[in-house]
Participant: 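Let me begin by handing over the structure; questions about it come next.
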Amino acid sequence: APLLFDNIVSRGIITVIDLVVNSFFGSLIAVMGVLINFIIPLQNYLLKIDAVREVWGIFRDFSNLFFILLLIITAFATIFNYSKYSYKELLPKIIIVALLINFSFVIFQWTIDLLWTPANIFIRAMGGEPQKIGDLLGGPLKVNEIATGDFGKTVISNESSVGGGILVFALMKLLFYTVILFALGWIALVLIIRIPVLVGLAMISPIAWISYAFPPIKDVWEKWWHQVIRWGLIPFYYLAVIYFVLLFNSRVAVYVYQLPIEEGIEEINSFWPLAANSTLLMFINIGLLLAGLYWAHQFANKSGAFGYNF
């Protein structure tokens, strides 16, 4: 009777813990998935808003005033035979910038659209619906299976292991939910940050073009292009990682499920709702996703430097 009572109490405790953890972390993961679904189609949308172009126009008009300053500097440099700022050195750049600065917003939009083109390849490969990409990640990460699995199946069968079993169950579920939340949150946060970053880069593009013609601030031109290419390519790298994880999960799952790793680990299944093969596959998918996101940032950063030099 005492053992039966303890088992009933343990089952109740496990159920409450499971409900709380599922409600809290499940809601957060669902929010991250919705954010990913919502934010991907909006990546370049704000660049088409008239208000952004109006602010860009203010920076353009302000930057145009610097042409007078550049011409004065060129005149004095020529008079005093200072070759670094003479008309032979600066005048060609001033003419080019004077012509292109009025088209800097269009050039920026064209560049971002061009950098978005390879991202569309992976969007089409994943069904052509960017508003559903966040949902697709739930499969490889086993979110639904973890949430709906039967925790504590046999944890209460041994009276001496009840307390430890509950603790192991709670920690394992919290651990995996935290890792999954971190991965999805990483994707959502970076894609959200990308939007105002691109808007800001578009607005200050006239100043970047002016810096091309003025040697003391030439590094502004270089850094601006570095950030444009870096942030422009991040969705491409992220979507490539997501597609690879989905492809890996669909192609390799059948082989992982055939591995004979169930024997001798029944005690693990007491605290974890997934079969050992599913757990192994989830481990691999999460590792690929996190490693891929890390290298996506590395490649995006190097692409910015390479793109400018090219």
Side-chain angles (χ1 to χ4, degrees), residues 39-75 77-78 84-121 123 130 190-237 239 299-310:
I39 209 66
I40 290 179
L42 296 180
Q43 282 301 288
N44 303 332
Y45 174 76
L46 289 185
L47 295 177
K48 302 175 182 178
I49 296 178
D50 292 337
V52 177
R53 183 180 286 271
E54 287 295 324
V55 177
W56 165 83
I58 296 173
F59 281 96
R60 177 202 58 197
D61 296 340
F62 176 77
S63 299
N64 281 330
L65 298 176
F66 279 89
F67 285 118
I68 301 174
L69 176 62
L70 288 175
L71 290 173
I72 294 174
I73 293 174
T74 302
T78 303
K84 186 176 181 180
Y85 296 104
S86 67
Y87 77 94
K88 292 182 179 180
E89 182 69 24
L90 291 185
L91 192 57
K93 293 182 179 180
I94 292 175
I95 294 174
I96 293 173
V97 171
L99 293 173
L100 295 181
I101 194 172
N102 295 299
F103 302 99
S104 60
F105 191 85
V106 176
I107 294 172
F108 180 85
Q109 283 185 313
W110 177 81
T111 302
I112 295 302
D113 288 341
L114 180 64
L115 296 175
W116 181 260
T117 301
N120 277 328
I121 297 175
I123 290 176
V190 172
L191 293 180
I192 290 172
I193 292 175
R194 179 180 180 270
I195 295 176
V197 168
L198 289 185
V199 170
L201 290 171
M203 290 177 176
I204 66 171
S205 58
I207 295 177
W209 282 87
I210 282 287
S211 67
Y212 170 74
F214 197 37
I217 57 173
K218 183 70 176 296
D219 62 325
V220 174
W221 168 259
E222 298 172 358
K223 292 177 180 178
W224 183 80
W225 272 110
H226 181 276
Q227 295 302 321
V228 168
I229 297 173
R230 175 193 177 195
W231 286 97
L233 282 175
I234 277 181
F236 160 61
Y237 289 124
L239 290 170
F299 281 123
N301 194 44
K302 292 183 182 299
S303 297
F306 173 79
Y308 168 76
N309 293 329
F310 177 78

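Here the structure is a predicted model, which is why all the values come from computation and not from measurement.
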Participant: Looking at side-chain heavy atoms only, is the closest gap between Leu233 and Phe299 below 4.5 Å?
Facilitator: no

Participant: Please report the closest heavy-atom contact between Trp116 and Ile40, naming both atoms and the distance.
Facilitator: CH2-O, 3.9 Å

Participant: Pair Val220, Ile204 - check side-chain contact (heavy atoms from CB on, under 4.5 Å), show working.
Facilitator: CA-CA 11 Å; Val220 174; Ile204 66 171; over 6 Å; no

Participant: I'd like to know whether CG of Asp50 has more than 12 heavy-atom contacts from other residues, nucleotides or ligands below 6.0 angstrom.
Facilitator: no

Participant: To the nearest 0.5 Å, what is the distance between CZ (Arg60) and CZ (Arg53)?
Facilitator: 9.0 Å

Participant: Run the side-chain contact (heavy atoms from CB on, under 4.5 Å) check on Ile112 and Trp231 step by step: do they pass?
Facilitator: CA-CA 9 Å; Ile112 295 302; Trp231 286 97; over 6 Å; no

Participant: Flag yes if more than 12 heavy atoms outside Phe105 fall under 6.0 Å of its CZ atom; otherwise flag no.
Facilitator: yes

Participant: Does any part of the side chain of Leu201, heavy atoms only, come nearer than 4.5 Å to the side chain of Trp224, both counted from C-beta?
Facilitator: yes

Participant: Got a second to check how far Ile234's CD1 is from Leu239's CG, nearest 0.5 Å?
Facilitator: 11.5 Å

Participant: How are the rings of Trp209 and Trp221 set relative to one another: parallel (under 30°), tilted (30 to 60°) or perpendicular (over 60°)?
Facilitator: perpendicular

Participant: First locate atom CD of Glu222, then atom CD of Gln227, and finally report the distance between them rounded to the nearest 0.5 Å.
Facilitator: 12.5 Å

Participant: Yes or no on side-chain contact (heavy atoms from CB on, under 4.5 Å) for Ile210 and Ile207, after CA distance, side-chain angles and deciding distance?
Facilitator: CA-CA 5 Å; Ile210 282 287; Ile207 295 177; 5.5 Å; no

Participant: Nearest heavy-atom pair of Ser205 and Ala202: which atoms, and what distance?
Facilitator: OG-O, 2.8 Å

Participant: If you look at every heavy atom in Ile229 and Ser303, which pair is closest and at what distance?
Facilitator: CG2-O, 3.5 Å

Participant: Can you check whether Pro206 reaches Phe62 side chain to side chain, under 4.5 Å on heavy atoms?
Facilitator: no

Participant: Quick one: CZ on Arg194 to CZ on Arg230, what's the gap to the nearest 0.5 Å?
Facilitator: 12.0 Å

Participant: Applying side-chain contact (heavy atoms from CB on, under 4.5 Å), name anything that partners Asp113, two or more places apart in sequence or on another chain.
Facilitator: Asn44

Participant: When you compare the side chains of Trp56 and Ser104, does any donor N or O come within less than 3.5 Å of an acceptor on the partner?
Facilitator: yes

Participant: Show your working on side-chain contact (heavy atoms from CB on, under 4.5 Å) between Ile195 and Tyr45 and close with a plain yes or no.
Facilitator: CA-CA 9 Å; Ile195 295 176; Tyr45 174 76; over 6 Å; no

Participant: I need the minimum non-hydrogen distance between Phe108 and Leu198, along with the two atoms involved.
Facilitator: CZ-O, 3.4 Å

